[in-house]
Amino acid sequence: MTTNATEEISTTYSPTEVEAKWYKKWEEGKYFKPKKGKANKSYCIIVPPPNVTGRLHAGHALDVTTQDSLIRFKRMKGYETLFLPGLDHAGISTQSVVEKMVFEQEKKTRRDFSREEFVKKIWAWKEEYGNVILDQQRAMGASCDWDYLTFTLDTIPNKAVKKFFVDMYNQKMIYQSDYIVNWDPMLQSAVSEAEVEHKEVNGNFFHIKYAIKGSDETLEVATTRPETLFGDTAVAVNPNDDRYKHLIGKMAIIPLCNREVPIIGDEHVDLEKGTGCLKVTPGHDFNDFEIGRRHNLPIINILNKDGTLNEYGMEFKGLSTKVARNVVSKKLDELGLLLDKKSHLHPVGHGERSGVPIEPMVSKQWFVNVSDMSKRAVLAVENGDMKFYPKEWENTYYSWLRNPKDWCISRQLWWGHQIPVFYCDQNHQWASEHDEKECPTCKSKNVHQDPDVLDTWFSSGLWPMSTLGWPDPKAMEEKKFTTFFPNSVLITGFDIIFFWVARMMMMSLQTQNQVPFKDTYIHAIVRDKLGRKMSKSLGNGIDPFDMIAQYGTDAFRFSLASGAGYNRTINLDPERIGGYRNFINKVWNAYRFISQHLATGSSLIGDMSNLDHHERWILSELNTTAKIMNESFEVYRYDEASAAVYAFVYDKYCSWFIELSKNILNGDDAVTKARRVSVLKFVFKKILALLHPITPFITEELWSHLKETNEDLLIVQDYPEYDSTLEFKSDQDQMNKFIEVVTSIRNLRASVNIKPKDEVNVELFTDHQDLVAYFRANNLNFQELARVKSLKVGNKELNRPNKSIMNITTHTEIFVPLEGVIDLAEQILRLEKEIAKTIADYNKYEARMKNENFMKNAPENVREEVIQGEAELREKINSLKENLIQFKS
RNA sequence: GGGCGUUUAGCUCAGCUGGUAGAGCGCUACCCUUACAAGGUAGAUGUCGGGGGUUCGAGCCCCUCAACGCCCACCA
């Protein structure tokens with residue numbers, strides 16, 4: 001801690017107040033609002049809307065980091081930038097949360113309320129608890145324009161949903177059909193595949209005898225569910241099965257109900273499994289349903305909504321399927337029709353929420369015909385109108401869209417967009433975007449709307465359009481639809497490529513004739529440090545808020561960015577976040593250092609020709625870093641961008657440039673001092689700008705200390721770009737050699753345990769004239785950085801000092817003469833080790849030189865590299881050997 | 001069963017169209033040197049999963065085996 005009276009700054013950066021302060025200033029200053037900039041282009045990212053029931057998890061944190069970094073990057077580059085936030089009503093999961101809560105509080109189910117009453121309860125819940133995640137996004141630093149905040153059930157998205165539905169309905173692209181769904185007899189609703197849990201259950205394999213009409217032969221059918229035989233409408237065998245194929249076309253007779261059904265041949269039937277003979281129940285089995293479609297079989301529903309048998313079950317009517325299974329099998333046994341019964345372990349779907357076995361059941365559902373839309377969606381990616389990063393995800397996208405199933409969009413829920421289809425008491429049916437009171441056909445006033453709601457993804461699929469106002473012309477104008485559509489990039493996880501990306505593509509191409517976004521960046525799934533999924537049951541979840549509290553948002557964001565590239569998992573280890581927290585602290589302390597000297601210089605660099613070689617070097621390195629970062633952000637390589645800036649700040653700026661500046665700043669040369677401070681400040685301000693997209697808070701804070709009074713906040717400063725006039729190749733080259741020599745001296749010191757405080761004499765020998773000059777000019781720096789008392793630099797013709805320890809590089813010999821006693825044996829050992837290592841290296845080069853084919857085939861630059869390397873290493877080995885001989889004598 | 005992917009230092013991961021392996025963390029030794037001990041300096045560590053092939057040259061391309069992970073389908 002400094003004791004400076006005017007400015008007292010802690011040696012450790014404490015993020016909490018800084019983060020809250022700057023977010024507020026940005027938001028109040030309307031910095032998140034789109035503004036035209038020098039790029040004269042627009043850039044828009046729409047946040048994948050989290051569920052209202054959600055809390056921020058590590059995946060959301062990665063969403064925010066990757067999206068916000070790009071938004072900030074583009075904003076600084078002068079794009080008109082929109083980061084558009086939203087929330088998803090998430091049909092089933094939200095309704096369930098509220099149902100559960102109501103049950104706990106009032107011991108009532110939703111059926112104890114009217115639909116209106118219950119939906120009102122969900123809205124109330126949403127208003128009270130639904131916005132938590134938005135504050136969490138703010139805490140992550142998301143620079144969203146919150147005036148754009150859209151909820152999937154808002155008026156405009158509702159209009160979009162209705163418009164799309166009605167248009168498609170009128171084009172007969174949306175239709176109603178019988179379909180087999182996962183029916184939860186407890187909830188009395190269809191549930192989605194994702195809500196079905198498959199559990200291994202101990203059941204039985206029943207072998208049942210079926211008679212064949214007009215034949216003495218019988219068929220032995222194997223099933224785990226004999227009670228469904230009342231719904232059988234065929235018996236299937238494999239057409240290649242020699243045992244049975246002659247029976248195809250005959251009629252089988254179902255036991256108990258004695259119905260005649262055809263024997264059909266279907267490839268689906270497995271010759272090995274069971275008896276190779278399958279009863280087909282299209283109303284209550286997913287496969288059988290498909291078989292039924294292929295063969296045009298009738299569908300019989302034998303179940304009531306509560307899962308009991310209906311009148312098709314004859315005397316078994318009213319029994320649950322579980323009870324009926326036993327009773328029916330007993331009855332078959334009595335009749336001598338049960339040939340075998342084996343216990344059998346098999347998976348059975350259970351309702352995730354209710355816990356009861358799911359009954360596959362056929363019911364009327366709404367569908368979208370996607371065959372045409374999916375073709376266009378495939379084409380758009382093949383054409384490159386929309387590009388996947390990383391490219392491999394195309395396959396996942398194609399595999400779904402190239403053989404699409406029609407999309408079942410109806411859900412038997414109350415929370416969601418109600419299907420805009422109306423019926424009158426005369427059985428007329430029509431779709432409309434408005435509330436209908438009268439049948440357009442028969443003028444009946446007895447009209448009701450379809451009670452089902454639409455699949456959540458139906459509204460999500462229209463999200464890129466509806467958030468920008470479509471289809472309301474006034475809203476589109478206000479929200480600048482034409483500026484921000486198509487969006488620039490969609491960033492999301494691979495788990496929803498089918499559900500969401502594909503749907504948005506289809507629905508956008510259908511309604512706008514354009515892709516919804518130009519790029520899709522698929523980011524990794526965040527896992528724990530052992531690569532396991534984060535889950536409640538494992539207790540291995542990383543709560544972003546713990547990380548923010550412990551390390552600060554910037555460190556957390558930097559960690560996520562450094563792990564985000566083209567990989568598909570990020571194994572997040574909190575210790576890594578700690579490492580980046582230290583980096584953030586390093587930046588803080590670099591500021592503390594230069595802040596002591598700010599009075600001496602400006603943030604402008606005056607005449608470039610006056611710069612010294614270290615200054616040209618740091619500008620050159622800065623330039624390279626800016627180049628890498630710009631290129632990396634453009635292709636979503638956050639890992640490369642963060643690695644580049646990390647290395648520049650830590651290794652180049654802090655470890656060398658600041659260290660090299662100390663003797664100047666402590667010296668008396670006012671002109672040099674002022675120039676150096678200017679460069680320090682100039683480069684540091686560029687560092688803040690480079691870092692800002694990833695670590696917005698600390699950079700804005702430090703910028704506020706460094707900015708000129710006429711400069712605006714960092715969030716809207718120019719992003720540093722590559723500038724070829726700032727590249728100084730020879731300065732970079734010489735500096736690297738200087739670093740090598742300093743490191744070498746330090747290494748020598750350490751090898752004989754010279755105390756850090758003690759000074760040594762150093763003699764350097766090189767035949768490169770520019771290096772002789774360079775090293776001499778750096779006399780003071782050698783003193784400072786390697787505790788050198790006196791430095792001699794000369795050519796290799798000169799005599800080497802006698803009693804010394806030495807290191808040899810490819811360009812320079814470094815000698816440290818020692819007054820005291822040297823442990824000769826130890827030094828000889830060290831040299832011999834070095835010689836062995838160098839020879840090993842050399843041999844590789846030599847082998848390639850001697851290889852005629854290599855010299856003939858390798859490209860010029862590679863060959864030159866080898867030739868040069870061979871020469872340098874040969875020289876190094878000679879030096880080492882000569883000196884070893886001297887040493888031994 | 002179909003598809004995708006992973007296997008590189010103790011750990012987590014980079015490694016661009018093939019040119020001879022890197023980072024962070026951790027570890028070892030020595031240092032509270034006036035920006036920073038959340039620090040400094042120096043250092044150690046790899047048959048790039050196994051085997052085969054193509055090539056002057058393979059972590060990278062091809063074949064094959066193995067382990068692990070994910071997605072889709074299915075389990076009468």
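Heavy-atom basis, side chains included; hydrogens, waters and symmetry copies ignored. In the text below, chain A, chain B and the rest are named by the order of the sequence lines, each starting its count at 1. Here the structure is a predicted model, which means the values were calculated and not measured.
Judged by atom type and distance alone, A/Arg581 reaches the base of B/A38 through a side-chain donor-acceptor pair under 3.5 Å. For A/Glu290 against B/A73, a side-chain-to-base donor-acceptor contact under 3.5 Å is absent. In this model, no side-chain donor or acceptor of A/Lys856 finds a partner on the base of B/C56 within 3.5 Å.
In this structure, the ring of A/Tyr636 has its center less than 6.0 angstrom from the ring center of A/Tyr389.
Projected onto RNA chain B by closest heavy-atom contact, A/Lys755 and A/Arg576 fall at different nucleotides, the more 5' of which corresponds to A/Arg576. For the pair A/Ser655 and A/Ala590, nearest-nucleotide mapping onto RNA chain B gives the more 5' position to A/Ala590.
Dense packing is recorded around OH of A/Tyr646, with more than 12 heavy atoms of other residues, nucleotides or ligands lying under 6.0 Å away.
Atom-to-atom, CD of A/Glu870 to P of B/G57 comes out at 20 Å; the value is rounded to the nearest Å.
In a base pair of the Watson-Crick type (N1 to N3 plus N6-O4 or O6-N4) or a G-U wobble (N1-O2 and O6-N3), with each distance short of 3.5 Å, B/G69 is matched with B/C4. Pairing of B/G18, defined by two Watson-Crick or G-U wobble distances under 3.5 Å, is not identified with any nucleotide.
Nearest to the side chain of A/Asn585, among B/A38, B/A35, B/G40, sits B/A38. Nearest to the side chain of A/Asn582, among B/A38, B/C36, B/A42, sits B/A38. Each of B/A42, B/U20, B/A35 was ranked by its minimum atom distance to the side chain of A/Glu865; first place goes to B/U20. Listed nucleotides B/G24, B/G43, B/C56 differ in distance to A/Tyr646; the shortest reach to its side chain belongs to B/G24.
When heavy atoms are screened at a 4.0 angstrom cut-off, A/Arg848 is found touching base atoms of the nucleic acid.
A cation-pi arrangement, defined by a distance under 6.0 Å to the six-membered ring centre and an angle within 45 degrees of its axis, is present between A/Lys662 and A/Phe593.
An OP1 or OP2 oxygen of B/C4 is reached within less than 4.0 angstrom by no side-chain nitrogen or oxygen of A/Lys391.
With contacts defined as side-chain heavy-atom distances shorter than 4.5 Å, the pair A/Ile291/A/Leu278 qualifies.
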